[in-house]
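Some notes on the structure that comes next.
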Amino acid sequence: MIALNLDHAGTGKAPRLLGFRHVGGLVVFCALLHFTARYNYLLFHTLVETIRIVVLGSIFVLAWNSRRWASDGFLLIVGIGSICVAALEILHTLSFKGLNLFPGYDANLPTQLWIAFRYLEGAAFLAALYNIGRPVRADLLLTGGSLLTLVLGVLIFSGNFPDCYIEGSGLTPFKIVSEFVLIGIFSACAGAIYVQRHHFAPSVARLLIAAMLTAALADFAFTSYAGVFDAANEFGHYLLFISSFLLYRAVLVAGIASPFDLLFRSLKQKESELEAKVAERTAALRKSQALNRAVVENSPAVIYLTDIDRRYTLANAAFERLIGKPRKEILGRTAFDLFPQNVAFRLDRRNHNVIATNQPLLETEEIRTHLDSDTRLFKSVHFPLLDEHGQVVGMGGIATDITDSQIAEERYGAIIRSSMDAFMMVDESANLLEVNDAACELSGYSRGQLSQMSVADLDAAVDKDTLMAVMRRIAREGSSRFDSRWRRKDGELRDVEVSVQYLLHSGAPRYYCFVRDISGRKAAAARIEYLAHHDLLTALPNKLLFQQQCREALLAAERDGRSRALVYLDLDDFKAINDTLGHAVGDELLRELAARVRTLIGEHDLACRVGGDEFLMLVGDANDQQRLAAFAERTLAALAEPVQLDSTVQTCTASIGIARFPEDGADFDTLYRKADTAMSQAKAAGRNIFRFFDEAMHAQLVERRHLLALLRGALERDELRLHYQPQIDLHTGAVIGAEALIRWQHPELGMVSPARFIPIAEESGLIVPIGTWVMREACRQAKAWQDAGLPHFVVAVNLSAVQFRRPDFCQTVANTLAETGLPPGCLELELTESLLINDADGVLETVRQLKALGLQLSIDDFGTGYSSLAYLKRFDVDKLKIDQSFVRDMDRDADSAALVLAIVQMAHSLGLKTIAEGVEHDHLAAVLRGLNCDEAQGYHFARPMPAADIEGWLRSAVATRMGR
């Protein structure tokens, strides 16, 4: 709506559509109408209606004449609606009571016509607001409005329109209801104009809203009059007049008078603007010319123009460089003045062809520059210059040096041909346009065959639709790199790495693909992946892969409410097989046992080799402990079956620990720790058995770890003590020695039994520094007693197998004797039978070195181990220590007494002494004396005592014996 958007047009200030003088004039005119109504109401009514009819007709004229350039439907709908309303309003005016132009009709007729054209007016404004901003067809709209007006007129004059006024009764209910409906329609129009006010100039929108609200008030007045000449009717016509005035100012003045007023006001301004535009466009033209000159002058291409006589009229800097002459020596000259004769003839012939054909000529040519040795290749276009009549007035040319690009293209071709990677140029339909020899070798097809194929024929990883989607993505991104699988002509699949670059080649999209065969690399990566997650020897998963699989299986079991069990399997004495038969035999045994483990588990169970001789299995049915126990028994039986290894048959048992999910733990780490604990208990219980984890095991393990932590600093904190138990000569009653027994005095735990902490010390390796301390402290104390005047006697120290096997053990003993000054003969080392049996050659050498130092050796707990005479003959020991388990039962068990007698006799026959431990009462001492046992120790003689106490005891014992 150009006419109704006046406030937004131009830079000039638009006249005010409603000012004080307009309001004043309106008041004066209303006063004149009032006096007219007092004088003659019929004249008053006719004036008001006539003014409205003129305004409505003017709106139609404005709308109809602007229909060809105004694309907005608002004004056209309002205008055509206005002329239809004006037609009915004319009839209303002429039928008003008093004119008597329609004989036989009373006041009902003008009232019916009033209601009809008010409905038509309200509908027109609603339709106009609905179509604001939309184009409408004027002819269809006018035809429709005319037909609707005609229909309403026929209905009214034929008596088929509802009565609106009855003489003597006043307004009918239909009339009153209709007025309220019209109030709602015009109020809705005011609201719609406010909502769509951005389509109008602000002043126009305000006037239209005021016109609609005033029309609504007029209808409200017409709901309450009783006669056509009463005050309500008169007041309603005042409001109707005001509404028409506001509509006149909003539409007619804004659309006709104000633009005309602005025309003269802005002429000077338009003139100034025109001058400014001329200056601006002149400057732009100069700028464009300067830009063109800059482009021509700085272009790397050779550019020139000639006249009809083929004399140069323009030459850029590139032309100067080509022939090596300044511009002043070029302009006005011909090709024969500037180029060698053969080149000039060729150029002249080409120029003649261009002029003769009046068509551009494109060619590639070689031109020697002013440097005789430098010949360049140019791609040039030569074109005619035409005047306004189409006649040739000269010609021009643009020549681009393509020498470097030609060389690059040749090099590119050589690189492509010699590339080890397959090269393929592909069009946007995935068809192969160009390939190299490597592509033929990779695919197995010939170059001719490939030229008839597409990428989809080779790529086995994706279908045609997916391939096209990938190509569209590459076109958007410009390049891509990905892995795929291609099928060779012989059907073999090859893993490939594809690198693609998307470029436009001569305006056509092209995909430049380099394809590398990575089958070997993929196979190597798969092998590395396999080795990273599998045990190379047994082909079972390793612990890392097993952990991942186990965690997934436990999550699934938790989700499904199922139970699982983690089985920890450790082979018994496998190290002995490795040490005696060699690692090759051990590896073969492991492979066979791993194969048996694999056959034991179910389809959904897992197994792995943890390392060394340890395996893990994750099995189901953890809720059924009997079935788990049966599975463990089957596993032990299967592993214990003999294994044929080349020329030898081997058997190997296992110890098994079982932890259940979720009872014992909800994650792999917890289950692994507890299954390990249960396996250790199976080992300690004798091996070749299984154990289920229980909390007692856990408590024991926690206690062992706690003790180990405390034991690590026991030496530094001076918590270890030595107690000494005297050893007595059974025949003379003399004290011949004392056994040093270690005790641990902890500030919180109190006195800790050696049975609790010695095994922990041996497992952890702490027994080595502890054993060294015991030997040094015992030797120091024995030397102190000697220095104090006590009789010389032997101090006995127990040795751990771990300590004994240390390569520096003999040197440690020698250093201890040297440091303390104790005579070697006063030190006795107690060895275990098991220590002498294993690694006999190494032990024999150590024993010889110890004997060479002059100290004594005894075998502790004799009779509880192997009890073989063979090692007694080989090792130079001095004494056998009879275990207390035999001694304590001698008075009740004849077999024990016979065994002790056999040990004593055997020892004496080998020249060895015997000492019995655990002598609790005098009767046992008498029996041992009768069996000719040499020495004894036990509570009957004395309990183990601290060094300070035993010194007093020794002095008392010496004094007592001397008193005898």
Side-chain angles (χ1 to χ4, degrees), residues 405-536 539 541-542 544-545 548-549 552:
S405 62
Q406 186 74 13
I407 294 173
E409 186 174 345
E410 292 174 357
R411 290 175 179 172
Y412 158 79
I415 292 172
I416 294 300
R417 288 190 297 273
S418 61
S419 173
M420 299 294 292
D421 294 334
F423 169 78
M424 300 177 177
M425 186 169 69
V426 180
D427 65 13
E428 56 187 339
S429 299
N431 297 315
L432 302 180
L433 302 178
E434 183 180 340
V435 298
N436 64 354
D437 292 341
C440 299
E441 182 178 350
L442 173 62
S443 65
Y445 293 97
S446 67
R447 194 183 300 270
Q449 290 172 323
L450 287 175
S451 65
Q452 304 298 318
M453 298 171 66
S454 73
V455 177
D457 299 324
L458 299 174
D459 199 320
V462 296
D463 56 23
K464 184 64 177 292
D465 293 339
T466 305
L467 174 63
M468 299 310 296
V470 170
M471 293 182 66
R472 287 192 295 270
R473 176 180 59 79
I474 295 173
R476 291 193 304 270
E477 298 175 357
S479 62
S480 183
R481 182 187 295 268
F482 54 89
D483 291 350
S484 187
R485 301 200 81 191
W486 282 25
R487 181 178 288 106
R488 285 173 47 84
K489 183 178 181 180
D490 57 9
E492 180 187 1
L493 291 176
R494 306 291 289 177
D495 291 301
V496 296
E497 179 185 67
V498 184
S499 177
V500 185
Q501 191 75 28
Y502 175 82
L503 296 171
L504 291 177
H505 181 76
S506 299
R510 293 292 182 263
Y511 297 83
Y512 293 84
C513 310
F514 284 92
V515 184
R516 176 171 296 177
D517 188 348
I518 58 171
S519 300
R521 190 173 75 190
K522 281 274 190 176
R527 178 62 176 168
I528 293 173
E529 177 72 14
Y530 178 85
L531 293 177
H533 293 93
H534 289 79
D535 174 52
L536 187 60
N542 61 11
L544 177 62
L545 179 58
Q548 297 172 356
Q549 295 174 336
E552 294 172 1

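Atom set for the values below is all heavy atoms of this structure, side chains included, hydrogens, waters and symmetry mates excluded. Here the structure is a predicted model, which means the values were calculated and not measured.
Here the CZ atom belonging to Arg472 is positioned 9.5 Å from the CG atom belonging to Leu467, to the nearest 0.5 angstrom. We find the CG-OG distance between Leu432 and Ser454 to be 6.5 Å, quoted to the nearest 0.5 Å. For the atom pair CG of Asp457 and NZ of Lys464, the computed distance is 8.0 Å after rounding to the nearest 0.5 Å. A distance of 7.0 Å separates OG of Ser443 from CE of Met453, quoted to the nearest 0.5 Å. Here the straight-line distance linking atom CG of Leu458 with atom NZ of Lys489 works out to 12.0 Å at 0.5 Å rounding. Expressed to the nearest 0.5 Å, how far CE of Met471 lies from OH of Tyr502 amounts to 9.0 Å.
In this structure a side-chain-to-backbone donor-acceptor pair under 3.5 Å is missing from Arg510 to Gln501.
In this structure, Tyr445 has no ring-ring contact (aromatic ring centres under 6.0 Å, His included) partners at least two apart in sequence or on a different chain. Partners of Tyr530 by ring-ring contact (aromatic ring centres under 6.0 Å, His included), not counting sequence neighbours, listed by chain and number: His534. Contacts of Arg516 classified as salt bridge (charged side-chain N to carboxylate O under 4.0 Å, His left out), with partners at least two apart in sequence or in another chain: Asp421.
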Test side-chain hydrogen bond (donor to acceptor under 3.5 Å, both in side chains) applied to Ser519 and Asp517, step by step
CA-CA 6 Å; Ser519 300; Asp517 188 348; 2.9 Å; yes
Assess whether salt bridge (Lys or Arg N to Asp or Glu O under 4.0 Å) is satisfied between Asp437 and Arg447, documenting all intermediate values.
CA-CA 8 Å; Asp437 292 341; Arg447 194 183 300 270; 2.3 Å; yes
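Looking at every heavy atom in both residues, Leu433 comes nearest to Val426 through CD1-C, 4.3 Å. Closest heavy-atom contact between Arg527 and Leu536: NH2-CD1, 3.6 Å. Smallest separation of non-hydrogen atoms from Met468 and Ala430: SD-CB, 4.3 Å. Shown here for Ala460 and Leu493, the closest heavy-atom pair between the two residues is CB-CD2, 3.8 Å. Residues Met425 and Tyr512 come closest through the heavy atom pair SD-CE2, 3.5 Å. Across Met424 and Ala439, no two heavy atoms sit closer than the pair CE-CB, 3.9 Å.
Using a 4.5 Å cut-off on side-chain heavy atoms (C-beta onward), Val496 and Arg485 make no contact. At least one side-chain heavy atom of Pro509 sits less than 4.5 Å from a side-chain heavy atom of Leu504. A 4.5 Å side-chain heavy-atom check between Val462 and Ser484 finds every atom pair outside the cut-off. The side-chain heavy atoms of His533 and Leu544, taken from C-beta on, include a pair separated by under 4.5 Å.
Around CD of Glu441, the count of heavy atoms belonging to other residues, nucleotides or ligands within 6.0 Å does not exceed 12.
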